[in-house]
Structures are given as structure tokens and as C-alpha cells.
Amino acid sequence: MTKFPDFEGLAMFAKVAEERSFARAAKTLGVSVPTVSRAVARLEERLGARLFNRTSRQLALTDFGLRLVDSASRLYAEAEAAEDAARELSSSPRGMIRLAVPMAFGTRWLAPILPDFFELYPDISIDLHMSDAAVDLVGDGFDAALRIAVLQDSSLVARRLTPVARFILAAPSYLEKHGTPAHPSELTAHHCLGYAYRPRQDIWHLRNEAGEEETVIPTGPLRATNSQALIPMALRGLGIVELPEFMAHEYLADGRLKAILSDWKLPSGALYFVTPSARTRPAKVEALSDFMVARLSNPSWRWNG
């Protein structure tokens with residue numbers, strides 16, 4: 001008769017591999033180090049092979065451990081998901097949400113409202129991943145994301161929160177020195193600051209009311225993986241920058257930056273709350289979604305100038 005699988009040993013092995021430490025794995029799991037060590041040793045004896053090479057300073061997976069770790073990690077994640085789903089049957093949303101958001105938006109607009117969310121839902125915690133790099137919600141194990149984009153068709157479920165316009169901007173000092181472009185084609189003669197995390201390539205697509213279209217590849221002294229890093233250059237008058245509304249509004253309001261080529265428009269995207277469609281949205285994620293709608297659907301950064 002086949003023995004019942006050692007789920008505990010596999011789970012503890014996966015956690016040790018993730019933490020690269022028996023002590024950190026034990027702390028995360030809320031058990032003693034000997035408990036974890038015994039579970040891994042039991043699994044090694046059962047499987048007939050060592051899972052880790054151990055020294056006084058280093059812990060590394062063996063070749064056999066490397067072959068097993070992905071399956072063990074998936075098993076552990078599925079067990080966690082099953083427990084989370086069971087907890088969702090309780091009346092109050094609870095549990096941890098892995099949330100991915102763009103860096104600048106997360107720092108400026110999401111972080112300040114999170115205390116209000118935690119006061120409303122004290123049993124929910126958030127693992128907040130802030131980066132402008134594209135993330136794979138399903139592959140990277142995220143429960144939800146905020147995305148600011150012209151959203152393409154996908155297998156994800158997207159809840160539109162608010163439109164987000166984009167502007168091409170320059171400081172008055174730059175325009176005084178270099179002149180104001182009257183047509184997008186003139187931008188090729190200017191210093192244009194680039195953003196490295198476009199979905200495909202850093203290209204400015206512009207269209208006027210007559211239906212004419214122009215494409216500009218920005219070239220200039222600085223290209224960055226975060227638009228926030230481009231703003232000091234633009235404020236100093238060292239280049240033209242393209243910014244989303246939620247970043248541009250304060251500089252437009254006080255005149256430090258001016259919108260140019262106002263007869264031409266960049267594609268207007270929107271702010272979306274996105275979740276994987278493969279999962280039933282649990283109560284904790286639904287609570288966060290409703291909170292985002294309440295707090296971000298009519299934002300203070302809307303520019304009507």
C-alpha cells in the first residue's frame with residue numbers, strides 16, 4: 001500500500017528553500033528549528049536523497065532538491081490558498097493580499113490611503129510590491145494589481161476606476177531657450193526624456209482632431225525606469241517629458257511645467273484594479289476593490305486646465 005504523502009515535510013522543505021535558512025523558515029512557520037530540521041530529515045530519509053548541502057555559513061539545494069522544490073512550493077501555495085478560501089467563509093474579510101502597483105502611483109497616491117483601509121479591515125494585511133516593471137499576476141502569485149494603461153484584451157478581470165490623461169510637458173525656461181514645438185515632428189530636434197518601461201518601446205503616439213497621427217521616439221540626455229526620476233530634469237529646463245495626469249497635475253497647476261502640443265493627444269489610458277480571472281475573487285480582494293473604487297474613482301489629481 002502506498003504511504004500517505006509527507007505533506008508537512010514537503011511544506012517545510014519548500015519554506016526552507018524559499019527562506020534559505022532553517023531558522024527563518026521556522027520563524028515564518030511559527031515552529032521551532034528542531035521541528036523543521038526533523039521534518040526535512042524525515043523527508044530526505046523517505047525519498048532516499050539529500051535535499052540540501054549544509055555548511056556552517058551556507059545552505060544550498062542539491063541537484064535533487066532543485067528538481068523537487070518547484071513541485072513542493074506549488075503544493076505549499078495550493079494548501080495556503082485552500083486555507084485562505086476556507087477562512088473567506090467567515091463573515092469578516094481576512095487574510096493577506098499580494099498587491100502589485102506602479103512605483104510612483106503607489107508612493108504618492110496609494111500609500112496615503114492605506115491606513116484608512118486597514119482601519120476598516122483590521123484582519124487584512126497587504127504585501128505591497130511597488131515597481132514599474134510588468135508583473136505576471138498569475139505566474140508571480142499576485143492577488144491583484146493597479147495598472148495605469150490603455151489596457152489590452154487579456155485573461156485578467158479589470159475594474160476601471162478612472163481615466164488617466166497623459167501630457168507632453170516642458171518648463172518655461174526650456175521653451176524660452178529652445179522654442180515651443182508647433183508640430184510633433186519638431187520633437188526630433190529637442191531633448192526628450194525617455195521612460196524605459198513601456199509595454200513595447202518608448203514611443204509617443206499623437207493624434208489630432210483631424211485624425212492625423214504622428215509617432216515620436218524620444219531621444220535625450222536621460223532615460224529612466226521610473227517617470228519620477230525624469231521630473232527634476234524637466235523642472236530644470238533640460239528636457240521635454242511625457243507624464244501621466246496623476247504626476248503632472250501639480251506642476252501644471254503651479255506653472256512649473258507647461259503642456260505643449262495641446263492640439264495633439266496621446267492615447268488616454270485609465271487606472272484599473274486587476275485580478276486573475278482564474279480565481280474566484282475572495283472577500284478580502286473584493287473589499288480592497290470596493291475601497292479602491294470609493295477612494296480613487298474621483299481623484300483630486302484630475303486636471304481640467
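All figures in this text were calculated on a predicted structure; none of them were measured in a lab.
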Could you tell me which non-hydrogen atom of [X] sits nearest to which non-hydrogen atom of [Y], and how far apart they are?
| X | Y | answer |
| --- | --- | --- |
| F273 | M292 | CD1-CG, 3.9 Å |
| L296 | P299 | O-CD, 3.5 Å |
| A182 | L261 | C-CD2, 3.7 Å |
| P102 | L146 | CD-O, 3.2 Å |
| A248 | L169 | CB-CD1, 3.7 Å |
| S173 | R236 | OG-O, 4.1 Å |

Straight-line distance of [X] [atom1] to [Y] [atom2], nearest 0.5 Å:
| X | Y | atom1 | atom2 | value |
| --- | --- | --- | --- | --- |
| D127 | I97 | CG | CD1 | 10.5 Å |
| L206 | K265 | CG | NZ | 10.5 Å |
| L257 | I231 | CG | CD1 | 7.5 Å |
| L288 | D143 | CG | CG | 9.5 Å |
| R223 | C192 | CZ | SG | 13.5 Å |
| E44 | D6 | CD | CG | 11.5 Å |

Does any part of the side chain of [Y], heavy atoms only, come nearer than 4.5 Å to the side chain of [X], both counted from C-beta?
| X | Y | value |
| --- | --- | --- |
| L59 | V16 | yes |
| V31 | M12 | yes |
| L29 | T35 | no |
| R295 | D116 | yes |
| F246 | R108 | no |
| L175 | I260 | yes |
| Y251 | K258 | no |
| I240 | I168 | yes |

Please say whether more than 12 non-hydrogen atoms of neighbouring residues, nucleotides or ligands are located less than 6.0 Å from [atom1] in [X].
| X | atom1 | result |
| --- | --- | --- |
| E186 | CD | yes |
| R67 | CZ | no |
| N298 | CG | no |

Linking I/L/V/M/F/W/Y whenever their side-chain heavy atoms sit closer than 4.5 Å, directly or via other members, would M96 and Y76 fall into one cluster?
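Hydrophobic grouping puts M96 apart from Y76.
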
In plain terms, say whether [X] and [Y] are close enough for a salt bridge, that is, a side-chain N and a carboxylate O under 4.0 Å apart.
| X | Y | answer |
| --- | --- | --- |
| R159 | D290 | yes |
| E8 | R46 | no |
| E245 | R166 | no |

For the pair [X] (side chain) and [Y] (backbone), establish whether a donor and an acceptor sit closer than 3.5 Å, ignoring hydrogens and angles.
| X | Y | answer |
| --- | --- | --- |
| E213 | R207 | no |
| S289 | V285 | no |
| Y174 | H191 | yes |
| T107 | A104 | no |
| N208 | E212 | yes |
| D254 | R256 | yes |

If we check ring-ring contact (aromatic ring centres under 6.0 Å, His included) with F291, which of these qualifies: Y121, F118, F117?
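That would be F117.
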
Geometric cation-pi criterion, R98 with F142: 6.0 Å, 45°
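The answer is yes; both the distance and angle limits are met.
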
Could you go through the side-chain contact (heavy atoms from CB on, under 4.5 Å) check for Q228 and M247 one step at a time?
CA-CA 8 Å; Q228 197 74 40; M247 296 175 68; 3.4 Å; yes

Enumerate the salt bridge (Lys or Arg N to Asp or Glu O under 4.0 Å) contacts for residues 10-20, please, sequence neighbours excluded, ordered by first and then second residue.
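Salt bridge (Lys or Arg N to Asp or Glu O under 4.0 Å) check on residues 10-20 returns K15-E18.
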
Derivation of the side-chain contact (heavy atoms from CB on, under 4.5 Å) call for L128 and L114
CA-CA 11 Å; L128 183 60; L114 283 180; 4.1 Å; yes

The test is side-chain contact (heavy atoms from CB on, under 4.5 Å); show your working for F167 and V241 and say whether it passes.
CA-CA 8 Å; F167 300 91; V241 67; over 6 Å; no

Classify the angle between the aromatic ring planes of H249 and W109 as parallel (below 30°), tilted (30 to 60°) or perpendicular (above 60°).
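It falls in the tilted class, 30° to 60°.
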
Ring-ring centroid check H190 W204, cutoff 6.0 Å:
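No, too far apart.
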
What residues, two or more places apart in sequence or in another chain, satisfy ring-ring contact (aromatic ring centres under 6.0 Å, His included) together with F13?
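F13 satisfies ring-ring contact (aromatic ring centres under 6.0 Å, His included) with F52 only.
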
Are T62 and R50 linked by a side-chain donor-acceptor pair shorter than 3.5 Å?
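Absent: no donor and acceptor within the cut-off.
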
In terms of side-chain heavy atoms, does N226 have a donor or acceptor partner in D132 at a distance below 3.5 Å?
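Yes.
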
If the condition is side-chain contact (heavy atoms from CB on, under 4.5 Å), which residues does D70 pass it with, not counting sequence neighbours?
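Here the qualifying residues are R74.
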
